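Just so you know, these numbers come straight off a predicted model, no measurement behind them. For ligands, and for the atoms within them, numbers begin at 1 and follow the listed sequence.
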Amino acid sequence: MVVNIERLFSKRATRLRASEIRELLKVIKMPGMISFAGGLPNPKAFPVDAIQACINEVFKKYPEKALQYGTTEGSTQLRGELAKRMRKKHNINCELHNIIMTNGAQQGLSLIALSFLDPGDTYLTSVPAYLGAVQAFHAFEANCESIPMDEEGIDLDSLTRNLERLRRTGINPKFLYTVPTFQNPSGETMSLNHRKELLKIASDYDFIIIEDDPYSELIFEGKSIPPIKSFDTKGRVIYLSTFSKILAPGFRLGWVVASRAILEKLVLAKQATDLCTNVFSQYVAYEYIHGGYLDEQVEKIKKMYKHNRDIMVEEIKKKFPSSVKWKVPAGGMFIWIEMPKSIDTRLMFQKALANKVAYVVGEAFFPEGGNYNSMRLNFSYSDEKSIREGIGRLADVIKEELSEDYQQDLDPNGV
Ligand SMILES: Cc1ncc(COP(=O)(O)O)c(C=O)c1O
């Protein structure tokens, strides 16, 4: 008898959707394609020799431990180093027992979803939003309320209006998810004032803040703004970060900083999920930080990505029509582009692929859809030559699209 497997899947599993970004990553491999689509670090930045040296150290000093199961919380030594870094670089007042290691920040998001979201619960996110977080929360059958971003990172008036509306219908959101620094996908950074205000609003309406921070170390200019977690004295903020953008995503190493009460729950969720984070990569990462390599590595990445950003900005300025809007991000890996409203980047995507250049359609970052005229460009992955060539190709596609649009306006039959 043929198994009707669909019938057996859980309701939750049937809600799982393919990530448009994952699908798009496939196009990177097409011959001749210049892809600004993925959110990939530049492989030329991977510190292969230093990592090799650290691996040798691990095998010399503690091979048995590195190849054994570890505790669910993660390596004490590594968490100790991270606690030091959190205090020194980010002004977050924490000790190692406020940190757990996760298999990437993405697992941290899933563990938070597992621990906080019941079916039908509501959470808030600023939009455009990191798609991976929306996917993780969606899997736990939660309802999403989108809060638009503004020039200070989140529209706080809209947030309070929405909170009041929800309160009138008896809904108290569990948390607000935000990437306050060099956000994926918009490249925007939340102002200091909005960070403090947001924490106050969270306290007034009694929800927690999930602060996802993979990019703040990749700052190209200006002054760093302290994370929201650094102002949190009441355990209202869960902070996540990762080695993916400052070392290598293949390590699958992230961490969560939170109060003990929250971490105890996340540890139980993690125990049920995967017992412990990759022990071997934790030992290698410890040797890497302890050996004093990380700061130098971050400087190297910043220099490389700033150069790439400058090239992309220079080419966009030169080649994109003036009706296309964008902002220069002060760090991170992405530039957000807004076309004239008449352009639908979903429809334009096939033309871009035909012209051997790829981007991510902006709509993918809005859980409720819309914003069809936007797109995300990644500048970390490509080299200078590809950035110049790719932006040229994209500019040609945009110009063609705009001129078709113009022709349609002239054509009395064109609707
Ligand atoms: C905002 C944000 N959060 C989390 C992640 C996932 O990171 P990790 O590789 O640590 O799972 C990413 C990856 O691109 C990201 O952009």
Shortest protein heavy-atom distance from atom 7 (O) of ligand 1, along with the residue and atom involved | A105 CB, 4.0 Å

side-chain contact (heavy atoms from CB on, under 4.5 Å) between C144 and F137: does it pass, once the steps are laid out?
-> CA-CA 8 Å; C144 172; F137 305 149; over 6 Å; no

Quick one: look up the protein heavy atom nearest atom 9 (O) of ligand 1 and list residue, atom name and how far away it is.
-> S244 OG, 2.6 Å

Go through the side-chain N and O atoms of Q106 and Y130 and say whether any donor and acceptor fall under 3.5 Å apart.
-> yes

Between F243, Y130, F182, W255, which one has a non-hydrogen atom sitting closest to atom 15 (C) of ligand 1?
-> Y130

What about the rings of F175 and F207, do their centers lie closer together than 6.0 Å?
-> no

Closest protein heavy atom to atom 11 (O) of ligand 1, given as residue, atom name and distance to 0.1 Å | R252 NH2, 2.8 Å

Run the ring-centre check on Y293 versus Y288 and record whether the distance is less than 6.0 Å.
-> yes

Among protein heavy atoms, which sits nearest to atom 3 (N) of ligand 1, and what does the distance come to when rounded to 0.1 Å?
-> D212 OD2, 2.5 Å

Which residue holds the protein heavy atom closest to atom 14 (O) of ligand 1, what is that atom called, and what is the gap in Å?
-> K245 NZ, 2.9 Å

F231 six-ring face occupied by K196 cation (under 6.0 Å, within 45°) = yes

Just need the protein heavy atom nearest to atom 16 (O) of ligand 1, so name the residue and atom and give the distance.
-> Y215 OH, 2.6 Å

